[in-house]
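What follows is a short report on a single structure.
Count residues from 1 along the sequence.
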Amino acid sequence: VRLVDMDVLVERREDDAGDRRTHPAGSAEDDRRTDLKYRTEWYDQSLDHFGSEPTVPSTFKQRYLVNDTWWDRENGPIFFYTGNEGNVEMFCQNTGFVWDIAPTFNALVVFAEHRYYGKSMPFGEEVFNTPVDIRKLKYLSVEQALADFASLIQHIRVSEGAQENSVIAFGGSYGGMLTAWLRLKYPWAVDGGIASSAPVIQFGNLVPTGIYAQIVTENFNMYPGCASSIRRSWDALKDESKSDEGLQFLTDTFKSCKPLKAGDAHQLRDWLASAYDVMPMVNYPYPTDFISPLPGHPVEKFCSFIEVGAEGRELLQQVANGAGMYYNYSGSSVCNDIVNAFKDTDLDDIAWDYQACTEMVMPMSTDGVNDMFWPSPWNLTDFRQGCQRRWGGAITRATWAILQFGGRDIGAGSNIVFSNGLLDPWHGGSILKPPGADIVVLNISGAPHHFDLRSSNPEDPPSVVAARRVEVDNIWYWVLTGTSSRKGDRSYSWDTPSVRIAVMGVLLGLAMGSVFMAFASKRLAPSNRSSERETQPESYPLLEPIENDGHGI
């Protein structure tokens, strides 16, 4: 089922006939769900799905969360969240869309935890201790995680007597990538997938290495003088760091827990840049605490501290005020641990660093011209050497993800919705045009990182509401057709009048959604907001649409 609307949201190919690592019913005050009920289950998961030699241990306990409150065991689908780089409970609480629609579909809700994260630890937390034992870490890979999900789905089908029920996958950010890749690699396991904010082409040279920073800058450019002031602040910071008196000023202004020394200036610079990288991702219209407690519209809030034309210490004070909003919005901190900010102690961050070093190699750079940062070119050699020092000689396979999953050449896939928030910097590495007849792309105006997967909220923009409607209509279609193909009888066949009516209703809903989304986009995409665009800007030459060649982007 395909739609066309180049202005916002749903795009279709008509020629088809048939690190600064930033990780990707709520109230207006906080969209995180705390009212959820689920039981915790454990599955004896194979440690190695691909090797022919026995391993010790041979299995580990994989955690997954289950809610069967609304489930119709006869015909209800299984909603399966492909857990990403963290404790699965966090994603469970921040993926309200799944919980919002589960009663309508009479669905079983499952949130599966990714191996080596949360409590699904094959070798315990000590696996990340130094010295590193690469023999125990080698099982942390995308391929093994996808096989985990497929195996777990099969287990749930058998244990719940649901062999004929449809399975729909959901995921956001890295989880969205896993959802898309699960559908591509194991199409028998899931009937369709909602892959939100999934940068599946942020590899190799498929997109410019500076695209993330450029989109971050576009977000701050929405407010006059904000991005240019940030760009000037780097020189001001550098000047202050040259003297003891200047370092004391920086310590006091940025409320550093430890006195900043001459060698700490780069720590302060990176600490600020990390905040800039994340703010557009979480630029929701209402307060959230997904990554950290933040007000609604944090980019706008930050830029409200910046006065056009400010220089030197005045500018740095304004930047510090904005950084205080990001790092201490709750007011619970008395100082900022700037010196130790990037000494990873969080196990999830450490595990992701290993993945980023081995398979999830997403090149990034800044140039200080097309973005508001300082020049920092991508250097694969330096990156690889750093990874080898940290991870005991682990091999960096910089383009493996392209070879393994196809990059942008996934036109043979089907039943995937790629949704992209056009405020989200990760959309630069995502699928922005459908690569095949059975893949839908939603480019959502006014939306940050996987906004569509959050709970419905009174402050949701019309574009997000419309995107969710299209996603629901596609899910209905996948559920009906998937159940029909498994049952192999007339109860769900096209020859059954009720099924014809249901499917035609879905088609009509999709068509109406296209019209509504076009209306929503025109309301939410003023011409001065360059980050909410119809087509790729000229500054991203590798993302220019290619005419009728089957590559999509």
Side-chain angles (χ1 to χ4, degrees), residues 23 36-51 54-68 71 78-95 98 107-128 133 135-163 165 167-183 185-186 188-190 193 346-352 354-355 358-360:
H23 292 140
L36 305 176
K37 296 180 180 179
Y38 50 79
R39 68 178 187 270
T40 300
E41 299 282 356
W42 300 89
Y43 175 53
D44 289 328
Q45 186 63 264
S46 296
L47 177 63
D48 184 8
H49 294 280
F50 306 108
T55 61
V56 179
S58 60
T59 63
F60 69 97
K61 297 291 186 181
Q62 182 180 15
R63 180 170 60 156
Y64 63 104
L65 314 177
V66 181
N67 180 294
D68 59 4
W71 192 31
I78 298 169
F79 285 177
F80 187 92
Y81 186 91
T82 53
N84 28 331
E85 72 282 30
N87 187 313
V88 71
E89 291 181 304
M90 179 182 70
F91 301 108
C92 178
Q93 294 166 1
N94 285 276
T95 313
V98 170
L108 177 71
V109 176
V110 177
F111 279 76
E113 191 162 66
H114 194 297
R115 59 169 56 202
Y116 287 80
Y117 291 97
K119 295 184 178 179
S120 299
M121 305 291 287
F123 296 97
E125 296 181 355
E126 59 272 17
V127 72
F128 297 112
D133 187 347
R135 295 171 299 176
K136 294 181 179 179
L137 283 171
K138 68 180 181 179
Y139 302 108
L140 172 53
S141 70
V142 175
E143 295 86 353
Q144 297 283 4
L146 292 175
D148 286 347
F149 294 148
S151 178
L152 178 56
I153 288 170
Q154 184 66 11
H155 165 73
I156 292 171
R157 284 188 181 281
V158 173
S159 62
E160 299 289 349
Q163 289 92 336
N165 300 59
V167 179
I168 308 300
F170 299 81
S173 196
Y174 172 49
M177 302 167 80
L178 294 172
T179 283
W181 291 337
L182 182 63
R183 172 62 188 170
K185 300 292 284 188
Y186 298 91
W188 62 265
V190 293
D346 182 87
L347 292 180
D348 294 338
D349 289 343
I350 295 172
W352 179 255
Y354 174 81
Q355 286 194 263
T358 52
E359 290 185 317
M360 301 297 292

Test salt bridge (Lys or Arg N to Asp or Glu O under 4.0 Å) applied to Arg183 - qualifying residues, sequence neighbours left out:
none
Partners of Glu125 by salt bridge (Lys or Arg N to Asp or Glu O under 4.0 Å), sequence neighbours excluded?
none
Residues in side-chain contact (heavy atoms from CB on, under 4.5 Å) contact with Ala351, at least two apart in sequence or another chain:
Tyr117, Phe128, Leu140
Just to verify, what does Tyr354 make a ring pair (Phe, Tyr, Trp, His ring centres under 6.0 Å) with, not counting sequence neighbours?
Trp391
Pairing residues for Tyr43 by the side-chain hydrogen bond (donor to acceptor under 3.5 Å, both in side chains) criterion, not counting sequence neighbours
Ser151
Please name all residues satisfying side-chain hydrogen bond (donor to acceptor under 3.5 Å, both in side chains) with Gln144, sequence neighbours left out, ordered by chain then number.
Asp48
Check salt bridge (Lys or Arg N to Asp or Glu O under 4.0 Å) between Lys61 and all other residues, then give those that pass, not counting sequence neighbours.
Asp44
Taking it one step at a time, do Phe91 and Phe111 satisfy ring-ring contact (aromatic ring centres under 6.0 Å, His included)?
CA-CA 8 Å; Phe91 301 108; Phe111 279 76; 8.7 Å; no
Look at the aromatic rings of His155 and Tyr64 and report parallel, tilted or perpendicular, splitting at 30° and 60°.
perpendicular
Please check if the side chain of Asp348 supplies one atom and the backbone of Glu85 the other of a donor-acceptor pair under 3.5 Å.
no
In Leu65, Asp68, Asn67, the residue satisfying side-chain contact (heavy atoms from CB on, under 4.5 Å) with Arg39 is Asp68
Residues two or more places apart in sequence or in another chain: which of them pass side-chain hydrogen bond (donor to acceptor under 3.5 Å, both in side chains) with Tyr139?
none
Residues in side-chain contact (heavy atoms from CB on, under 4.5 Å) contact with Asn87, at least two apart in sequence or another chain:
Arg63, Glu89, Glu113
Any residue meeting side-chain contact (heavy atoms from CB on, under 4.5 Å) with Asn165, in chain and number order, not counting sequence neighbours:
Trp71, Ala162
Going by side-chain hydrogen bond (donor to acceptor under 3.5 Å, both in side chains), name the residues that satisfy it together with Arg135, two or more places apart in sequence or in a different chain.
Asp133
Centroid separation under 6.0 Å, is that true for the rings of Phe79 and Phe170?
yes
Applying salt bridge (Lys or Arg N to Asp or Glu O under 4.0 Å), which residue pairs with at least one partner in residues 141-159 are found, sequence neighbours left out?
Arg115-Asp148
